[in-house]
Number of protein chains: 2
Amino acid sequence: MDHETAQHVADVLKAVAHPVRLQIIELLKQGEMCVGDLVERLGVPQAVASQQLGLMKDKQILQCRRDGTKAFYSIKNANVINLLHCVYHHCEREGSKTSETIQKEIDSTKIGD
Amino acid sequence: MDHETAQHVADVLKAVAHPVRLQIIELLKQGEMCVGDLVERLGVPQAVASQQLGLMKDKQILQCRRDGTKAFYSIKNANVINLLHCVYHHCEREGSKTSETIQKEIDSTKIGD
DNA sequence: CTCCAACATTACAATATTTCTATATAACTA
DNA sequence: TAGTTATATAGAAATATTGTAATGTTGGAG
């Protein structure tokens, strides 16, 4: 892997590596949601939510639809859901393990379980 | 997902989200390697390699074995290989896609392919 | 013990990220 | 139009990350 590719992959990971952004993606897995509802669920200041939403929109992770005064965000690149499932698996069992064990886990990975 | 969990997941992602760290993991996928060899392969200053290796060791991603004056690093939690495969898939086809498409991709995800 | 090689650690400047506060915009409603 | 609600943005302050250069540590050779 050359440095340029590595930089790009790192950028993708960084785009998601933030507690509020992760929680936003979790909520949006169930479907689109407006900023106000997200703010209420997350318990963070409105500006913080808006900033993180804008950031993820810029990075093509989310998309935004407007309806009157409300802005509805949803996941644009569903790949990110897959990606997060991999991190969750990683976190759930953070001990050392072999490649064979991992292979079994990959085979049993499902979306929405 | 509560904030504490989100913070932990974010920490794991951040531990990997750096071009040099990604390249180190790529190299160690093939087996353990000493710092000097890694430095040569990566083309970065020795201090940078040592810093990033130490960081990933602290975060339980790598482990270190010493033999005389050399330090051999290897991947401790093989889950991280799985995780990176997911990012690569994400990066390869960064367009928007549906959950069903993703499911097919998950089913076909293999280590070392 | 002295020197050298292989790594690790530290200090510091540069940069990037995050958060906060305040303010701006845009679409309704009366 | 004035007021209100929903969201976005700007700018400053706090914090975190990174790279560089210098120095410290450890183990082996002589």
Side-chain angles (χ1 to χ4, degrees), chain A residues 3-25 27-28 32-76, chain B residues 3-25 27-28 32-76:
Chain A
H3 188 80
E4 197 185 358
T5 306
Q7 182 66 61
H8 180 231
V9 174
D11 286 343
V12 170
L13 287 167
K14 282 203 285 189
V16 177
H18 185 282
V20 171
R21 293 199 290 271
L22 286 169
Q23 286 179 294
I24 288 173
I25 295 171
L27 289 169
L28 294 183
E32 68 172 20
M33 210 175 288
C34 73
V35 181
D37 289 350
L38 284 167
V39 166
E40 195 181 342
R41 292 291 214 93
L42 296 168
V44 300
Q46 177 264 322
V48 169
S50 189
Q51 281 159 357
Q52 303 301 345
L53 286 166
L55 193 150
M56 287 196 281
K57 193 178 126 197
D58 288 348
K59 306 216 170 164
Q60 308 294 316
I61 294 170
L62 303 182
Q63 59 197 354
C64 183
R65 175 180 74 83
R66 287 186 152 279
D67 184 8
T69 139
K70 292 191 175 178
F72 290 90
Y73 282 86
S74 56
I75 293 174
K76 180 174 184 181
Chain B
H3 187 81
E4 197 185 357
T5 306
Q7 182 65 61
H8 178 232
V9 174
D11 286 342
V12 170
L13 286 167
K14 281 203 285 188
V16 176
H18 184 282
V20 170
R21 293 198 289 270
L22 288 169
Q23 288 179 294
I24 288 173
I25 295 171
L27 289 170
L28 295 184
E32 69 173 17
M33 209 175 290
C34 73
V35 180
D37 288 350
L38 283 168
V39 166
E40 194 181 345
R41 292 290 213 96
L42 296 167
V44 300
Q46 178 264 322
V48 170
S50 189
Q51 280 161 359
Q52 305 303 345
L53 287 166
L55 192 150
M56 288 195 282
K57 191 178 126 197
D58 287 349
K59 306 217 169 161
Q60 308 293 317
I61 294 170
L62 303 183
Q63 59 196 355
C64 184
R65 174 179 75 83
R66 289 187 151 278
D67 184 8
T69 141
K70 293 192 174 178
F72 290 90
Y73 282 86
S74 57
I75 293 175
K76 179 174 185 180

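Every chain is numbered from 1 and lettered A, B, ... according to where its sequence line falls, protein lines coming before strand lines. Please read these numbers as outputs of a predicted model, since none were measured by experiment.
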*Does a side-chain heavy-atom distance below 4.5 Å link Val48(B) with Leu42(B)?*
no
*Please tell me if the side chains of Ile25(B) and Met56(B) come closer than 4.5 Å, counting only heavy atoms from C-beta onward.*
yes
May I have the distance from [X] (atom [atom1]) to [N] (atom [atom2]), rounded to whole angstrom?
{"X": "Leu22(B)", "N": "dT17(D)", "atom1": "CG", "atom2": "C1'", "answer": "15 Å"}
{"X": "Lys59(B)", "N": "dA16(D)", "atom1": "NZ", "atom2": "P", "answer": "11 Å"}
{"X": "Phe72(B)", "N": "dA6(C)", "atom1": "CZ", "atom2": "P", "answer": "11 Å"}
{"X": "Ile24(B)", "N": "dC7(C)", "atom1": "CD1", "atom2": "C1'", "answer": "13 Å"}
{"X": "Gln7(A)", "N": "dT17(D)", "atom1": "CD", "atom2": "C1'", "answer": "13 Å"}
{"X": "Leu55(A)", "N": "dA8(D)", "atom1": "CG", "atom2": "C1'", "answer": "14 Å"}

*Could you work out which one of dT7(D), dA8(C), dG19(D) sits closest to the side chain of Gln51(B)?*
dG19(D)
For [X], all residues meeting side-chain hydrogen bond (donor to acceptor under 3.5 Å, both in side chains), sequence neighbours excluded:
{"X": "Gln46(A)", "answer": "none"}
{"X": "Glu32(B)", "answer": "Arg65(B)"}
{"X": "Thr5(B)", "answer": "Asp2(B)"}

*Residues from residues 33-49 of chain A lying under 4.0 Å of DNA chain C - heavy atoms*: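 Contacting residues: Pro45(A), Ala47(A), Val48(A).
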*Would you mind classifying the nucleic acid contact of Tyr73(A) as base, sugar-phosphate or nothing, using non-hydrogen atoms under 4.0 angstrom?*
sugar-phosphate
Is there a side-chain contact between [X] and the phosphate of [N], meaning an N or O under 4.0 Å from OP1 or OP2?
{"X": "His18(A)", "N": "dA16(D)", "value": "no"}
{"X": "Lys70(A)", "N": "dT7(D)", "value": "no"}
{"X": "Arg21(B)", "N": "dT18(D)", "value": "yes"}

*Residue met sooner reading DNA chain D from 5', once Lys14(A) and Lys57(A) are mapped to nucleotides*: Lys57(A)
*Donor-acceptor pair under 3.5 Å, Gln52(A) side chain vs dT19(C) base*: no
_Heavy-atom protein contacts under 4.0 Å, nucleotides 25-30 of chain C, coded B base, S sugar-phosphate only, - none_ = --SS--
_Once side chain to side chain contact (heavy atoms under 4.5 Å, CB included) is applied, do any residues pair with Ala6(B), and if so which ones, sequence neighbours excluded?_
Pro19(A), Gln23(A), Met1(B)
